[in-house]
Amino acid sequence: PYELRVRQGGERILPAGQRVVKSVTRLLREAGTEPWLRDRMPLIYSRGSLLAVGERWISATAAAAAGEPGLAVRWTRSVRHKSGFPEPET
């Protein structure tokens, strides 16, 4: 089962292809993610383990190997109209 959460603070992940576990905060800052967006970045968990940070980072333990089937994460931000409802996608 998968669970979608927002940041609470203290989350850490070993991104696929890297050797060092990093805090989600550090990854977001290094990537230049806008401060207001950092707390809204979706985190994907399974059985208490952080699998992905938005579509930017996949955990080394969750990443599919070359030639292996896997899932892709796609996150889109909705643009809110002054009415408070999302704008229709075109």
Side-chain angles (χ1 to χ4, degrees):
Y2 296 102
E3 186 177 349
L4 187 63
R5 301 182 196 171
V6 293
R7 290 183 52 231
Q8 301 295 309
E11 299 89 359
R12 300 179 65 74
I13 190 170
L14 173 60
Q18 296 189 22
R19 295 179 175 208
V20 178
V21 173
K22 291 187 175 181
S23 73
V24 171
T25 299
R26 180 175 176 187
L27 287 170
L28 293 169
R29 284 183 182 161
E30 287 176 353
T33 305
E34 298 91 347
W36 62 269
L37 189 56
R38 293 178 196 157
D39 289 336
R40 293 171 174 85
M41 183 70 65
L43 305 178
I44 301 172
Y45 282 82
S46 180
R47 295 184 173 96
S49 295
L50 179 57
L51 302 180
V53 178
E55 60 185 28
R56 297 287 313 253
W57 298 280
I58 303 294
S59 167
T61 59
E68 184 178 58
L71 298 174
V73 176
R74 180 173 162 143
W75 174 55
T76 59
R77 295 179 265 180
S78 71
V79 177
R80 294 224 172 250
H81 186 268
K82 61 186 171 185
S83 69
F85 295 98
E87 287 283 345
E89 292 188 23
T90 55

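Starting from 1, each residue takes its place in the sequence as its number. Hydrogens, waters and symmetry mates play no part in the numbers below; they use all other heavy atoms, side chains included. Fair warning: this is a prediction, and the values are worked out from it, not measured in the lab.
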Of the non-hydrogen atoms in P69 and A64, which two are nearest, and what is the gap between them? O-CB, 3.7 Å
Do NZ/NE/NH1/NH2 and the carboxylate oxygens of E30 and R26 come within less than 4.0 Å? yes
Please go through V21's hydrophobic cluster and name the other residues, only I, L, V, M, F, W, Y counting, with side-chain heavy atoms under 4.5 Å joining them. L14
A side-chain contact here means heavy atoms from C-beta on lying under 4.5 Å apart; do K22 and R12 qualify? no
What residues join V6 in its hydrophobic cluster, counting side-chain heavy atom gaps under 4.5 Å, either direct or through other members? none
Using a 3.5 Å cut-off and no angle test, enumerate the donor-acceptor pairs between side-chain atoms of residues 41-51 and protein atoms at least two apart in sequence or in another chain.
unit_1: S46; atom_1: OG; unit_2: P1; atom_2: O; d: 3.1

Is the closest side-chain donor-acceptor distance between R56 and T33 under 3.5 Å? no
Side-chain H-bond candidate by donor/acceptor type, T25 with S23, under 3.5 Å: no
Are any of the side-chain heavy atoms of L27 and P15 separated by less than 4.5 Å? yes
Note, R38 side chain near R29 side chain (heavy atom, < 4.5 Å): yes
To the nearest 0.5 Å, tell me how far L37 CG sits from L28 CG. 8.0 Å
